[in-house]
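Taking it in order: structure first as structure tokens, then the write-up.
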Amino acid sequence: MKTRELTMGQAIVQFLKQQYVERDGIETEFFAGMFGIFGHGNVAGIGQALHQYSNEFRFYQTRNEQSMVHTAAAFAKMSNRLKTFACTSSIGPGATNMLTGAAGATINRLPVLLLPGDIFSTRLVAPVLQQLESPHSQDISVNDCFKPISQYWDRINRPEQIITALPEAMRVLTSQADTGTVTLALPQDVQAEAFPYPVELFEKRVYTIPRPRADENLFNRAVEWITSSEKLIIIAGGGVIYSEATEQLAQFVEKTGIPVGETFAGKGSLRYDHPQNLGAIGATGTPGANIAAREADLVIAIGTRLSDFTTASKTAFQNPNVRFININIAEFDAAKHAALPLVADARVTLSELTDAVGTYEINTDYASRIEKYRDTWDEEVDRLFHLDLQPLPSQSEVIGVVNEFSRPEDVVVCAAGSLPGDLHKLWRTRNPKQFHLEYGYSCMGYEIAGGLGIKMADPTRDVYVLVGDGSYLMLAQEIITSIQENYKLIIVLINNDGHSSIGGLSKATGAQGFATRFRYRDDNSGKLHGDFLPVNLAANAESLGANVIQATTPHTLKIALQEARDADKTTVVKIDVDFDVRVPQYESWWDVPVAEVSEVESAEKAYQTYTEAKEKERYFLG
């Protein structure tokens, strides 16, 4: 057997650059490179290897370990999970900084490879700097924290262990059903240790991404359910887009007339103006989609996790005879709600269903109701886009300006606060990849790092990062990386001097918006009721190297966006908005528990409202 003497760090880099995936005959390099920040736990191992092979495998210098994982996840999402990045960090805080990003990638079913440094495998030099000591075991480090949030986890204590660990990592990363974060903890001494690796380890490997078909008997039963039902609705999730099944979905609903409600990840499965598209569904849904869901006798869920926002905390489906068909590549998701599970590829299954349902169509009364829902909603969106408020515009007006200014191929990205819900309802999506929301984890700080990943995945598109001041303050550093790598972002920084989303939720639960504004502490009361803090986020963005433009009205915002589009580097457009003007909830609810007893009248009233709404929650047991 031919061997090649390499350090473990060198062997990992040589392996990663030879990994490819293939779907529908199209071959793609799986790793676009590696993000990293070096410290004593990885500089001499992985760091040395990346330096040695810098002409063969691209390394990107980032500013924050959490944000580099967000960037990798966004890149993977934009690439329909067919490409990703590896991320390397030092031990200790460098590694644990990646935990939040790792959780988000796994929750959103996105492939990311993490290579955190670890303590000495020999244990001679211990406790090493940044080591967590345990009186119960020496076989533990902070990297054990990654276990519950990784789809695959391993600690490589000998250099030859990567011969079996790396193929296992790739098995998970390239699985459409089981993908997520893969963590290989790398002790710093083992990274630098040499071993005669078999040369076959470094040969090109191509992993085929299959399109499995549903079980024939279950498929036939699904056809019977569809053709015997009267009030059907499709829930289009992210799996529709990852499977590249948007055309097949359009063909199926055009033939049958079945309406579609879209999840956060599934928004863009149909164009906003498609006759069967009722828009967003669930806690942040439109009236039409939520009424149709409430009355449905059959729900066809495609590529969705059926999260609490999608199901309005299990209150969305009120028909006592409702049944579910779940089309999902993952058996785990297909079984939810005691559904008829079609464990299969969405694209193939939709194509086969289109043929199998024959001449089935929804009745004319239901079709006319769908048309009415759509017309009414278009009028509501137009109203919210043009409120003409003074002295500050509303958030919905800002969304309207960006939506109307952007081109169909452009991308909007957001993650947390009140913006995602408003965008889910209001954004008029014209391209399957135009709407990029991280809402499985709804992680504050994802926005700018995620925008960078989107731009890296497709530099031909303009990327509009919509971010509130709260999220901006969490994690804005990758502005520097976007400038360093010449990936221009258009960042719309929406400032309301606080956490508007939680402020509204606090009021709804009776806590009166407690501690959700950015104010000085009042000397007399001891509470955060003083003047607003004099934070200058525009100056902050400028200090990171961005162009900065300040807008005050929808009209000046449009002018600023044109200037940003014409700019040659990342540009931040800052605009202040009204804190209290909100987009309503429509025919929906979200379960956020309210204090059962309280001495505050507003909390007592909120609890009464909560208990009444909670009565609509349902179990679905078949």
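Numbers here simply count residues along the sequence, with the first being 1.
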**OP:** In sequence, state the C-alpha distance, the side-chain angles, and the governing distance for Q18 and E203, and then conclude on side chain to side chain donor-acceptor pair (under 3.5 Å).
**Re:** CA-CA 6 Å; Q18 292 285 24; E203 293 177 354; over 6 Å; no
Original post:
With distance as the sole criterion, is a donor-acceptor pair present between the side chains of N42 and S90 under 3.5 Å?
Top reply: no
Original post:
Is a donor on one side and an acceptor on the other found under 3.5 Å between the side chain of E438 and the backbone of Y441?
Top reply: yes
Original post:
T88 and L115: which non-hydrogen atoms are nearest, and at how many Å?
Top reply: OG1-O, 3.2 Å
Original post:
What distance separates E29 CD from L82 CG, expressed to the nearest 0.5 Å?
Top reply: 13.0 Å
Original post:
Given the side-chain rings of Y487 and Y60, with only the six-membered ring counted for Trp, is the space between their centroids under 6.0 Å?
Top reply: no
Subject >> salt_bridge(D345, R347) N-O dist < 4.0 Å >> reply: no
Original post:
Does R23 pair with E244 as a salt bridge, N-O distance under 4.0 Å?
Top reply: yes
Subject >> Side-chain heavy-atom pair C443, H70 within 4.5 angstrom cut-off >> reply: yes
**OP:** Mind listing the closest non-hydrogen atom pair of P187 and I119 along with its distance?
**Re:** CB-O, 3.1 Å
Original post:
What are the two closest non-hydrogen atoms of F30 and P111, and how far apart are they?
Top reply: CZ-CB, 4.2 Å
Subject >> K433 vs N80, side chain to side chain donor-acceptor pair (under 3.5 Å): CA-CA, chis, key distance, verdict >> reply: CA-CA 10 Å; K433 285 294 181 183; N80 285 338; 2.7 Å; yes
Original post:
Are R155 and F146 in a cation-pi contact, defined as NZ or CZ under 6.0 Å from the six-membered ring centre and within 45° of the axis?
Top reply: no
Original post:
Would T62 and T481 count as having a side-chain donor-acceptor pair, cut-off 3.5 Å?
Top reply: no
**OP:** For residues 54-67, pull every pair meeting salt bridge (charged side-chain N to carboxylate O under 4.0 Å, His left out), keeping only residues two or more places apart or in separate chains.
**Re:** K17-E56
Subject >> Between F31 and F85, ring centroids under 6.0 Å >> reply: no
**OP:** Please test T183 against S150 for side chain to side chain donor-acceptor pair (under 3.5 Å), starting from the C-alpha separation and ending with a verdict.
**Re:** CA-CA 6 Å; T183 302; S150 297; 2.8 Å; yes
Original post:
Any idea which heavy atoms bring R461 and K455 closest together, and the distance?
Top reply: O-NZ, 2.7 Å
Original post:
Can you find a pair of side-chain heavy atoms, one from I399 and one from L466, that are under 4.5 Å apart?
Top reply: yes
Original post:
Atom CG in D178, atom CD in E331: separation rounded to 0.5 Å?
Top reply: 10.0 Å
Original post:
For residues E22 and T208, is any side-chain donor paired with an opposing acceptor at under 3.5 Å?
Top reply: yes
Subject >> Flag, side chain of T179 to backbone of Q176, donor-acceptor distance under 3.5 Å >> reply: no
**OP:** Assess whether atom CD of E247 is packed by more than 12 heavy atoms of other residues, nucleotides or ligands within 6.0 Å.
**Re:** no
Original post:
Which pairs pass salt bridge (charged side-chain N to carboxylate O under 4.0 Å, His left out) with one or both residues in residues 410-423, sequence neighbours excluded?
Top reply: R407-D410
**OP:** Flag the pair L306 / H337 as yes when at least one side-chain heavy-atom distance between them is below 4.5 Å, and no otherwise.
**Re:** yes
Original post:
Looking at N143 and G117, what are the two nearest heavy atoms and their distance?
Top reply: ND2-O, 2.9 Å
Subject >> Between R305 and T263: side-chain donor-acceptor atoms closer than 3.5 Å >> reply: no
**OP:** Using the side chain to side chain donor-acceptor pair (under 3.5 Å) rule, take Q248 and S351 through it: C-alpha gap first, then chi angles, then the decisive distance, then the call.
**Re:** CA-CA 6 Å; Q248 287 71 24; S351 181; 5.9 Å; no
Subject >> Whether S54 side chain and H51 backbone form a donor-acceptor pair below 3.5 Å >> reply: yes
Original post:
CD1/I234 to CD1/I302 distance, rounded to the nearest 0.5 angstrom?
Top reply: 4.5 Å
Subject >> Gap separating the CG atom of L249 from the CD atom of Q276, nearest 0.5 angstrom >> reply: 10.0 Å
Original post:
Is the backbone of S269 close enough, under 3.5 Å, to the side chain of E262 for a donor and an acceptor to pair up by distance?
Top reply: yes
Original post:
Side chain of T7, backbone of Q10: donor and acceptor closer than 3.5 Å?
Top reply: yes
**OP:** Would you confirm whether N108, through its side chain, and L110, through its main-chain N or O, come within 3.5 Å as a donor-acceptor pair?
**Re:** no
**OP:** Check the pair Y207 / Y20 against ring pair (Phe, Tyr, Trp, His ring centres under 6.0 Å), numbers first and verdict last.
**Re:** CA-CA 6 Å; Y207 303 82; Y20 291 77; 9.6 Å; no
Original post:
Okay, side chain of S175, backbone of R171: is any donor-acceptor separation there less than 3.5 Å?
Top reply: no
Original post:
Got a second to check how far L278's CG is from Y272's OH, nearest 0.5 Å?
Top reply: 15.0 Å
**OP:** Provide the closest heavy-atom pair for A564 versus I490 in the form atom of the first, atom of the second, distance.
**Re:** CB-CG2, 3.9 Å
Original post:
Any sub-3.5 Å donor-acceptor pair from T246's side-chain atoms to P432's backbone N or O?
Top reply: no
Original post:
Any donor and acceptor pair, going by atom type alone, linking the side chain of T349 with main-chain N or O of A346 inside 3.5 Å?
Top reply: no
**OP:** Fit a plane to each ring of F202 and Y197, take the angle between them on a 0 to 90° scale, and name the class: parallel (under 30°), tilted (30 to 60°) or perpendicular (over 60°).
**Re:** perpendicular
**OP:** Quick one: pull up CG in L184 and CG in L166 and give me the separation to the nearest 0.5 Å.
**Re:** 6.0 Å
**OP:** Please assess E200 against R4 for the test salt bridge (Lys or Arg N to Asp or Glu O under 4.0 Å), listing each intermediate value before the final yes or no.
**Re:** CA-CA 10 Å; E200 290 86 357; R4 186 176 175 187; over 6 Å; no
Original post:
What orientation do Y446 and H436 show, parallel under 30°, tilted 30 to 60°, or perpendicular over 60°?
Top reply: parallel
Original post:
Would you find a donor on one side and an acceptor on the other, under 3.5 Å apart, between the side chain of K569 and the backbone of G545?
Top reply: yes
**OP:** Would you kindly say whether Q251 and T354 are connected by a side-chain donor-acceptor distance under 3.5 Å?
**Re:** no
